[in-house]
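Position 1 is the first residue of the sequence, and the numbers go up from there. Small disclaimer: the values here were computed from a predicted structure and weren't measured. Order of listing sets the numbers, starting from 1, for every ligand and every atom in it.
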Amino acid sequence: MLLGFRELKLDSKPVIVHASLSAFGKIDGGAETLVSALLAVFDSVVMPAFTYKTMIIPPSGPEYNAIPYGSGADANRMAEFFDPKIPADPLMGILAETLRKHPNARRSTHPILSFAGVNARTALAAQTLSEPFATIDALVKQDGWVLLLGVNQTVNTSIHYAEKLAGRKQFTRWALTPRGVRACPGFPGCSAGFQSIAPDIERYARQARVGEATVQAVPLKRLVRVVVERIKSDPLALLCQREDCERCNAIRIHHAAG
Ligand SMILES: [Zn+2]
């Protein structure tokens with residue numbers, strides 16, 4: 001397992017990791033073994049540890065925000081306060097939650113879009129309520145890489161950072177915190193259409209096999225540049241094709257309205 005990660009030859013560069021544990025087949029020790037392997041090979045490891053259950057739907061808010069205002073009465077009652085100790089959403093995968101619980105891990109403070117990391121203090125500290133992807137920006141400046149472990153570009157959070165840089169419309173969401181409900185601007189669009197960037201970044205990516213999984217490493221600077229160029233040349237690039245996708249449709253409407 002260590003050998004496969006070392007083959008990527010990322011030296012001491014920080015990595016942001018997205019993973020599907022099941023893609024590896026059977027691993028003795030499961031997620032903990034995989035996290036230990038990552039920490040043994042890479043100096044600095046970050047993963048998204050997002051917490052969607054803190055989200056509240058308010059009765060009203062800004063237009064074209066792809067949210068059914070006023071519909072949240074039941075869901076709002078189920079919402080939980082953000083606390084640094086609440087588990088990452090199951091959608092983030094068991095590996096992210098395992099990293100978050102690691103004794104040397106820290107977590108950034110965004111009530112919905114927090115990141116967990118080991119030896120990633122600068123990147124984690126960069127995040128603010130209004131700049132949730134400042135952590136990615138910091139990793140870009142550190143010549144970081146994205147590691148996709150048995151997953152594809154549809155979970156590549158760093159593409160959201162590039163979307164914002166390209167000027168793509170962002171959304172506002174609301175989260176329950178111990179200090180009350182907080183508006184969280186800079187919330188990203190939908191990532192279901194991100195796989196269409198794959199051919200554009202193939203030539204910059206490195207691949208290895210780890211267990212049964214294909215592992216892909218993509219340099220963040222290149223990724224961001226490629227995504228920004230793609231959206232600048234086609235403002236509707238990377239949107240998904242689901243007819244009822246609220247966020248992708250809001251971006252289309254926003255664009256058509258100029
Ligand atoms: Zn979509």
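The Zn ion (ligand 1) has Cys190 SG, Cys240 SG, Cys245 SG, Cys248 SG as protein N, O or S atoms under 2.8 Å away.
With hydrogens and angles left out, the side-chain atoms of Ser114 and Arg107 include a donor and acceptor closer than 3.5 Å. Using modelled atom types, one finds a donor on one side chain and an acceptor on the other under 3.5 Å when comparing Gln153 with Gln216.
Ring planes of Phe115 and Phe133: perpendicular class, angle over 60° (limits at 30 and 60°).
Using a cutoff of 4.0 Å between basic side-chain nitrogens and carboxylate oxygens, Asp234 and Arg230 are not scored as salt-bridged.
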Show which side-chain atoms of residues 58-70 pair as donor or acceptor with protein atoms under 3.5 Å away, not counting sequence neighbours.
unit_1 : atom_1 : unit_2 : atom_2 : d
Asn65  : OD1    : Thr172 : N      : 2.9
Asn65  : OD1    : Arg173 : NH1    : 3.3
Asn65  : ND2    : Tyr69  : OH     : 3.0
Asn65  : ND2    : Thr172 : O      : 2.9
Tyr69  : OH     : Pro62  : O      : 2.6

| query | salt bridge (Lys or Arg N to Asp or Glu O under 4.0 Å) between Glu229 and Lys232: does it pass, once the steps are laid out? | reply | CA-CA 5 Å; Glu229 278 168 14; Lys232 290 219 159 131; over 6 Å; no

